[in-house]
Every structure is written in structure tokens, then in C-alpha cells.
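All remarks here apply to the structure that follows.
Note that these values count all heavy atoms, side chains included, but never hydrogens, waters or copies made by symmetry. Just so it is clear, the model here is predicted, and its values are computed rather than measured.
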Amino acid sequence: MPETTAFTESPERQALRASVADFAAGFGEDYWLACARDGRKTDELWAAAGRQGYLGVAVPEEYGGGGGGIGDLAAVAEELQTAGCPLLLIVVSPAICGSIIGRFRTPAQKQRWLPGFADGTRKMGFAITEPDAGSNSHNIRTTAERDDATGDWILRGDKVFISGVDEVQDVMVVARTTHNRPGKLRPALFVIPTDAPGLHYSPIDLGILAPEKQFAVQLDDVRLPADALVGDADAGIEQLFAGLNPERIMAAATATGMARLALRKAVAYTSTREVWGAPIATHQAISHPLAQSHVETELARLMTQRAAALCDAGDFAGAGEAANMAKFAAAEAACTAVDRAVQAHGGNGLAEEYGLVHLIGNSRMIRIVPVSREMLLNFVAQTGLGLPRSY
């Protein structure tokens with residue numbers, strides 16, 4: 001008889017999850033909601049997570065981190081969201097920016113940035129989306145021009161829906177050098193201090209409850225020293241996807257955490273809410289939709305873990321498809337789980353008291369950002385099925 005083994009995360013990953021869940025319970029949804037409603041940032045949560053080493057689990061040990069992989073950081077993000085107190089910038093700063101800097105910066109540049117990512121004392125934003133390019137990153141028009149006399153770079157352009165610009169010290173901006181024209185992206189990445197002359201930002205008002213805000217960013221002849229460039233100006237798309245694959249994995253982990261949170265609320269409510277002398281969960285019309293969401297959530301979690309494993313193993317092509325699949329499955333699971341949880345609560349599902357209303361908008365948003373379900377399906381159609389490109 002062949003030996004059989006059940007799939008499970010490593011004992012170390014499971015211990016990390018348990019530790020983060022216990023830590024997050026000390027803050028919880030009430031803290032997060034109070035920050036969002038009062039216009040405050042979750043600075044206390046971020047700082048405490050940094051001190052505990054949770055923000056730096058994927059940063060190499062030589063730079064003060066835990067030496068783990070993106071799967072470990074995704075587990076942190078998922079457990080924080082499951083506890084009701086997610087940190088949006090954990091997706092941006094240590095995951096996207098940390099992954100890119102970890103692969104493409106010089107040792108001196110890594111020493112400058114990574115220790116701050118590890119302990120939470122440094123936050124960095126990420127700016128790729130533009131008003132006219134949308135999901136078509138190949139049409140990015142933000143330019144970087146080299147000043148041959150000084151060696152400086154001069155950046156010009158506009159970005160939209162950039163997270164947390166008001167609470168980060170720097171932003172990693174995706175641009176193109178002036179000799180690379182729109183049509184086929186060869187990204188050049190630059191780290192810009194948010195107080196740099198010529199960098200301006202303004203809030204975008206969204207009907208989403210969250211402590212972190214979204215911004216439009218304008219770059220008006222922002223002059224940067226030569227070492228603001230990350231990697232090579234003509235390194236190609238690989239250096240960008242070194243951050244975008246982790247971004248999708250982190251978004252998927254956050255989405256599965258949201259689904260778990262919604263289901264947790266629904267199970268607690270339907271197990272105690274009695275109508276006609278029995279808990280409403282005894283009715284299959286209530287229990288079956290919740291059970292189906294549990295199945296969908298667990299499948300998405302498995303796909304997310306697979307994507308993270310491929311990414312951590314250096315299989316970036318395999319990780320690309322898996323990360324897109326994971327984000328698609330997790331976002332769908334989150335939207336459906338929240339909707340079913342609201343329905344199971346009846347009218348109470350729309351009462352602030354039960355903590356589901358804010359999840360409606362946030363779960364819907366995660367189907368769109370950081371990449372829409374349509375673009376995910378485009379990617380899978382082309383890479384997984386070998387279908388002709390549709391755009």
C-alpha cells in the first residue's frame with residue numbers, strides 16, 4: 001500500500017498562525033472600526049506587529065527579519081483579517097516593495113530599507129495604476145528622464161488609487177524611461193520620498209470604511225538621485241512581477257480571512273438565533289449556503305498556499321498563474337461568504353451591531369483590486385489554456 005500523507009502547513013507556519021491570531025485578538029474588529037470611523041490610522045497595531053516580528057517574517061534574517069517566505073507573510077495577513085483588524089499596507093510595504101528590493105537592490109540599498117520593513121519602522125507605498133492606463137500597465141505614461149549632466153532622474157506623470165500615501169515615508173513608482181515608448185512595458189522602478197519637491201497627492205473619496213485612504217499622485221519634475229532607481233532601468237517585466245505575484249498572494253490571503261470572518265459571524269448568529277423553537281442553522285436553507293462558502297474558502301486557501309509555495313521556491317512562472325487563480329478564487333469566496341452571512345442574519349445583517357455592513361463594500365472591492373477578476377481570467381485563459389490573447 002502506498003504511503004499517504006495529508007496536506008498541511010508546516011508546524012512552524014501553524015504556530016505562526018496561532019500566535020498572530022492570539023495577538024490580533026488583543027486589538028480586534030472594534031479597534032479597527034473605531035480607527036476607521038474616527039479617521040485614525042492603525043498605528044498602534046502596526047507598531048505592535050512590527051515589534052513582534054510579524055511584519056518582517058519574510059525579510060531575510062541578515063536584515064532583521066524572520067527569514068521566511070511570502071507564505072508566512074500571507075498567513076499573518078490572513079489571521080489579522082480573520083480577527084477583523086487587517087493591515088492594508090502589509091500587502092504593499094513588506095510584500096510588494098520588500099520582495100522587489102530583496103531581489104533587485106544592492107546590499108547597501110537592502111540595508112537601507114529592509115530592516116525598517118522588518119520591524120515596522122518604515123512604510124513604503126507602491127504606485128503603478130494610472131488614470132488613462134487602468135489595467136493596461138503596458139500603456140503607462142509616467143516617464144523617467146536621465147539628466148546626463150548630473151546623473152539624476154526626473155520623473156513626470158500621474159498615478160491613481162495609491163494606498164496610504166499619507167502614512168508612508170516613500171513610494172515605489174513604476175515608470176518607463178523616455179526611450180521606452182508606450183505599448184510594451186519595460187518598467188523602471190524608483191523609490192521617491194513622499195516629501196520630495198514636485199510630488200503632490202490628494203485623497204480619493206471612496207464609500208469604503210477603512211483606516212487607510214486612497215490617493216491620486218502627481219509627479220511634476222521630481223528630481224531623484226541615481227540610486228533612487230531599483231534594479232536596472234531596462235531590466236524588463238521580471239522585476240515588476242517580483243512584487244506583483246506576492247501582491248496577488250497577499251490579496252488572496254486577505255480575502256480568505258474576510259470570508260472566514262463573515263462565516264464566523266454567521267455561524268455564531270445562526271447557532272443561537274431561534275425561530276419556531278429551533279436555531280435557524282437547523283434549516284438547510286441557512287446551513288447549506290454557509291457550508292458551501294466554507295468549501296469555497298478552504299479551496300481558495302489551498303490555492304493561495306500553493307501559489308506562495310511556488311513563489312518561495314523560485315518558480316515565478318508557475319507562481320504567476322497560481323497567484324492569479326488564488327486571487328480570483330479568494331475574492332469570489334469572500335464576496336459570496338459576506339453576502340450569505342448577511343442573508344443569514346436577515347435584517348440584522350444590515351445593522352451595525354452585527355459587524356457585517358462594512359464587509360459588503362470591502363468584499364466587493366477585493367474583486368476589483370489590486371487586479372480585476374476579468375484581468376485574472378485573461379491571464380489564466382492565456383497561460384493555463386493557451387488561448388489567444390484578447391487584448
For Ser163, which residues count as a side chain to side chain contact (heavy atoms under 4.5 Å, CB included) partner, sequence neighbours excluded? Leu88, Leu89, Gln214
Partner residues of Asp205 under the salt bridge (charged side-chain N to carboxylate O under 4.0 Å, His left out) criterion, sequence neighbours left out: none
Sequence neighbours left out, what passes side chain to side chain contact (heavy atoms under 4.5 Å, CB included) with Val275? Give chain and number order. Arg273, Ile280
Scan residues 336-347 for pairs that pass salt bridge (Lys or Arg N to Asp or Glu O under 4.0 Å), counting only residues two or more places apart or in two chains. Glu296-Arg340
Residue set satisfying salt bridge (charged side-chain N to carboxylate O under 4.0 Å, His left out) with Asp195, at least two apart, ordered chain then number -> none
dist Glu321:CD -> Leu310:CG (nearest 0.5 Å) comes out at 10.0 Å
Arg37: partners by salt bridge (charged side-chain N to carboxylate O under 4.0 Å, His left out), with sequence neighbours left out: Glu352
Please determine if Lys327 and Glu247 form a salt bridge, counting it only when a charged side-chain N lies under 4.0 Å from a carboxylate O. no
With a 4.5 Å heavy-atom cut-off, do Arg301 and Arg260 have their side chains touching? yes
Please collect all ring-ring contact (aromatic ring centres under 6.0 Å, His included) contacts where either partner lies in residues 274-308, sequence neighbours excluded, each pair once. none
Between Lys123 and Glu167, does a salt bridge (Lys or Arg N to Asp or Glu O under 4.0 Å) hold up when you go through it step by step? CA-CA 8 Å; Lys123 295 180 185 178; Glu167 55 180 307; 3.0 Å; yes
Using a 4.5 Å cut-off on heavy atoms from C-beta on, say whether the side chain of Leu114 contacts that of Phe117. yes
Just to verify, what does Thr150 make a side chain to side chain contact (heavy atoms under 4.5 Å, CB included) with, not counting sequence neighbours? Asp147, Asp152, Arg223
Residues forming a ring pair (Phe, Tyr, Trp, His ring centres under 6.0 Å) with Tyr269, sequence neighbours excluded: His345, Tyr354
If you count heavy atoms of other groups shown closer than 6.0 angstrom to CD of Glu274, is the number above 12? yes
Within this structure, what is the CD-CG distance for the pair Glu9 and Asp72, rounded to the nearest 0.5 Å? 8.5 Å
Treat each ILVMFWY residue as a node, draw an edge where side-chain heavy atoms are under 4.5 Å apart, and state whether Trp32 and Leu356 are in one component. no
Sequence neighbours excluded, every pair satisfying salt bridge (Lys or Arg N to Asp or Glu O under 4.0 Å) that has a member inside residues 90-103: Arg103-Glu238
Under the rule for ring pair (Phe, Tyr, Trp, His ring centres under 6.0 Å), what residues qualify as partners of Trp113, not counting sequence neighbours? none
Sequence neighbours excluded, the answer for side chain to side chain contact (heavy atoms under 4.5 Å, CB included) partners of Asp166 is Lys41, Tyr201, Phe215
Find out if a path of hydrophobic residues (ILVMFWY) with successive side-chain heavy-atom gaps under 4.5 Å connects Met250 to Met303. no
Hey, is CG on Asp220 packed in by over 12 heavy atoms from elsewhere, all under 6.0 Å? yes
Below 30° counts as parallel, above 60° as perpendicular, anything between as tilted: where do the rings of Phe27 and Tyr31 land? perpendicular
